[in-house]
**Student:** 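This is the structure, below, for whatever I ask next.
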Amino acid sequence: MKLEELKRVSPSLIAKLNEIGVFSVEQLVVRGFLELKKDLPDVSEDELQDVYLEASQKCGLGPMTVAELYELEKRRIYFSTGSKALDEIMGGGAWSWSIAEFYGEMGAGKSQIIQTMAVEAVFKGGRRAEKVEGEPENVTGSVVFIDSETTCRPSRVLEIAKARGYGDKLEILQKNLIYIPAVDTETLFEIINRLPLTIENRNVKLICVDSLITPFRAEYIGREMLAARQQAITRALAKLKRMAYVYNIAVAITNQVVAVPQQTFTGSEYKPTGGFIVGHVSDPRVWIRRAEGSKRIARIVDSSWLPEREATFKLSEKGIEDV
């Protein structure tokens with residue numbers, strides 16, 4: 001939506017918003033009121049708040065009846081992980097409006113899951129929660145893959161696509177899978193801030209991040225940096241969550257684990273990094289662990305609407321697939 005569609009915005013404010021890189025109503029909402037206030041110190045807080053509230057309402061973040069919310073929910077879309085068993089426990093796959101988190105030990109298959117999901121999303125798109133009159137059930141678009149661990153190799157992605165039967169359509173993958181490396185937190189925040197432009201210009205429907213926490217763990221070291229690290233992670237997740245809702249797209253992230261020694265001599269318990277902040281934002285939270293050979297077990301650990309269930313899948317040249 002164009003900024004000119006807002007009734008409370010003045011031409012001078014539109015010009016100032018353009019100067020800081022805000023060109024649409026959605027971009028304004030994703031930027032957030034506090035950040036807008038910081039970037040536009042010469043604009044009165046009352047004027048900025050009025051404009052922000054109107055923009056939020058246009059993006060479905062204002063008061064509404066349950067009936068209106070239900071109609072809005074019909075447009076939600078979900079993307080397959082590439083495994084029917086994993087899709088089933090996730091209610092169909094990774095859903096728009098949400099951040100799906102996959103965490104586990106090194107080698108558990110987290111990267112393989114979101115790479116397979118990215119390939120399937122490019123070729124098959126996502127499906128709507130319910131049929132919407134006048135709109136297709138399948139929603140296609142581009143996929144953004146943000147890589148902070150250098151785990152996404154073009155040769156492996158092409159191998160997954162060929163193994164899944166898309167060998168004669170590889171040009172579609174090459175044009176619609178957008179790879180963005182994130183070498184540090186400053187780069188990651190710059191990427192996240194620019195994502196709305198990419199979403200609008202490239203019709204992005206799915207964002208994959210492998211892994212979101214890695215840059216923060218590398219730069220915010222020691223207990224004295226813990227509070228600052230958690231605040232930075234919160235800012236990143238909050239923006240991704242707003243994007244997921246405002247643009248009706250899905251976000252899938254991977255996360256590492258940390259070993260917590262137990263006092264009862266039973267070994268160590270593995271917990272996802274990022275603390276409660278990541279756990280409160282992600283939905284669902286899926287724990288991936290090794291089983292026999294190439295088999296892996298996925299468990300829904302936390303979700304606002306899914307029960308705790310497990311599914312078994314395996315790693316293969318297809319990325320992941322059913323056993």
Side-chain angles (χ1 to χ4, degrees), residues 81 83 85-86 89-91 94-95 98-115 117 146-151 182 184-185 188 192 207-241 244 250-292 294-313 315 320:
T81 62
S83 162
L86 182 53
I89 67 169
M90 293 180 65
W95 284 79
S98 300
I99 298 177
E101 177 196 2
F102 301 94
Y103 75 87
E105 295 180 69
M106 181 178 63
K110 308 179 295 294
S111 298
Q112 298 300 307
I113 292 173
I114 64 171
Q115 287 179 26
M117 188 187 302
I146 301 171
D147 186 4
S148 70
E149 295 189 339
T150 63
T151 53
D184 51 39
T185 55
L188 180 60
I192 291 174
I207 296 172
C208 298
V209 189
D210 190 18
S211 121
L212 182 72
I213 307 299
T214 297
F216 299 100
R217 293 187 75 189
E219 295 177 34
Y220 293 81
I221 301 171
R223 287 185 176 273
E224 68 277 6
M225 297 294 289
L226 183 59
R229 184 181 79 172
Q230 295 305 88
Q231 290 170 7
I233 292 172
T234 300
R235 292 202 312 272
L237 284 169
K239 280 200 173 183
L240 287 172
K241 188 68 178 287
V251 178
I253 66 173
T254 65
N255 193 2
Q256 302 166 339
V257 293
V258 60
V260 181
Q262 302 297 297
Q263 296 180 352
T264 55
F265 304 102
T266 56
S268 297
E269 180 184 358
Y270 290 98
K271 292 186 177 182
T273 60
F276 293 116
I277 285 174
V278 181
H280 286 316
V281 175
S282 58
D283 189 3
R285 194 167 220 194
V286 187
W287 175 29
I288 310 298
R289 65 185 191 273
R290 292 172 179 267
E292 181 182 2
S294 62
K295 293 180 182 178
R296 300 292 186 268
I297 298 172
R299 180 175 182 80
I300 302 291
V301 174
D302 183 50
S303 173
S304 63
W305 65 289
L306 296 168
E308 289 191 20
R309 291 190 295 173
E310 289 189 349
T312 303
F313 62 92
L315 307 183
I320 71 167

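Note that the structure is predicted; figures quoted are calculated from it, not measured.
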**Student:** Hey, could you give me the NZ/OG1 distance between K241 and T234, rounded to the nearest 0.5 Å?
**Tutor:**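 Interatomic distance, K241 NZ to T234 OG1, rounded to 0.5 Å: 12.5 Å.
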**Student:** Check whether any side-chain N or O of S148 sits under 3.5 Å from a backbone N or O of S211 as a donor-acceptor pair, and report yes or no.
**Tutor:** yes
**Student:** Which heavy atom of I113 sits nearest a heavy atom of I288, and at what distance?
**Tutor:** CD1-CD1, 3.7 Å
**Student:** Measure across Q230 and G274 and return the closest heavy-atom pair with its distance rounded to 0.1 Å.
**Tutor:** NE2-O, 2.9 Å
**Student:** Honestly, is R285 close enough over W287, meaning NZ or CZ under 6.0 Å from the six-membered ring centre and within 45° of the axis?
**Tutor:** no
**Student:** Rounded to the nearest 0.5 Å, what separation is found between the CG atom of L240 and the OG atom of S282?
**Tutor:** 12.0 Å
**Student:** Minimum heavy-atom separation for T254 and S111, please, with both atom names.
**Tutor:** CG2-N, 4.4 Å
**Student:** Nearest 0.5 angstrom please: L226 CG to Q231 CD, how far?
**Tutor:** 10.0 Å
**Student:** Do the side chains of Q256 and E149 get nearer than 4.5 Å, heavy atoms only?
**Tutor:** yes
**Student:** Would you compute the distance between atom CZ of R290 and atom CG of L315 and round it to the nearest 0.5 angstrom?
**Tutor:** 8.5 Å
**Student:** What pair of heavy atoms forms the shortest contact from A311 to A85, and how long is it?
**Tutor:** CB-O, 3.4 Å
**Student:** Can you measure from CE (M225) to OH (Y220) and round to the nearest 0.5 angstrom?
**Tutor:**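 Reported to 0.5 Å precision, the distance equals 6.0 Å.
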**Student:** If only atom types and distance count, is the side chain of S98 paired as donor or acceptor with the main-chain N or O of A100 below 3.5 Å?
**Tutor:**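 Looks like no, no N/O pair under 3.5 Å.
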**Student:** Between E308 and R299, is the closest basic N to carboxylate O distance under 4.0 Å?
**Tutor:** yes
**Student:** To the nearest 0.5 angstrom, please state how far the CZ atom of R235 sits from the CD1 atom of I277.
**Tutor:**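 With rounding to 0.5 Å, CZ (R235) is 11.0 Å from CD1 (I277).
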**Student:** Quick check: do Q112 and R296 have side-chain heavy atoms less than 4.5 Å from each other?
**Tutor:**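 Of all side-chain heavy-atom pairs linking R296 with Q112, none is under 4.5 Å.
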**Student:** Measuring only between side-chain heavy atoms, which start at C-beta, is L237 closer than 4.5 Å to I99?
**Tutor:**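 Side-chain contact under 4.5 Å: yes.
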**Student:** Knowing that exactly one of I114, I253, D210 qualifies, which makes a side-chain contact (heavy atoms from CB on, under 4.5 Å) with F102?
**Tutor:** I114
**Student:** Looking at side-chain heavy atoms only, is the closest gap between F313 and I297 below 4.5 Å?
**Tutor:** no
**Student:** Would you mind reporting whether I146 and L188 have side-chain heavy atoms less than 4.5 Å apart?
**Tutor:** yes
**Student:** side-chain contact (heavy atoms from CB on, under 4.5 Å) between E310 and I89: does it pass, once the steps are laid out?
**Tutor:** CA-CA 7 Å; E310 289 189 349; I89 67 169; 5.8 Å; no
**Student:** K110 side chain to G104 main-chain N or O, any donor-acceptor pair under 3.5 Å?
**Tutor:**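 Answer holds: yes.
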**Student:** Quick one: does any side-chain atom of Q115 pair with a main-chain N or O of I320 as donor and acceptor, under 3.5 Å?
**Tutor:**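 Flag not set: sc Q115 to bb I320 has no pair under 3.5 Å.
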**Student:** Indicate the ring-plane relationship of W95 and W305, choosing parallel, tilted or perpendicular according to the 30° and 60° boundaries.
**Tutor:** perpendicular
**Student:** In this structure, are over 12 heavy atoms from other groups packed under 6.0 Å from E224 atom CD?
**Tutor:** yes
**Student:** So do the side chains of N255 and P272 get within less than 4.5 Å of each other, counting heavy atoms only?
**Tutor:** yes
**Student:** Just do the side-chain contact (heavy atoms from CB on, under 4.5 Å) check on K271 and V257 with the steps written out, would you?
**Tutor:** CA-CA 5 Å; K271 292 186 177 182; V257 293; over 6 Å; no
**Student:** Which pair of non-hydrogen atoms, one from A218 and one from I221, has the smallest distance, and what is that distance?
**Tutor:** O-CD1, 3.2 Å
**Student:** Between V278 and I233, is any pair of side-chain heavy atoms under 4.5 Å apart?
**Tutor:** yes
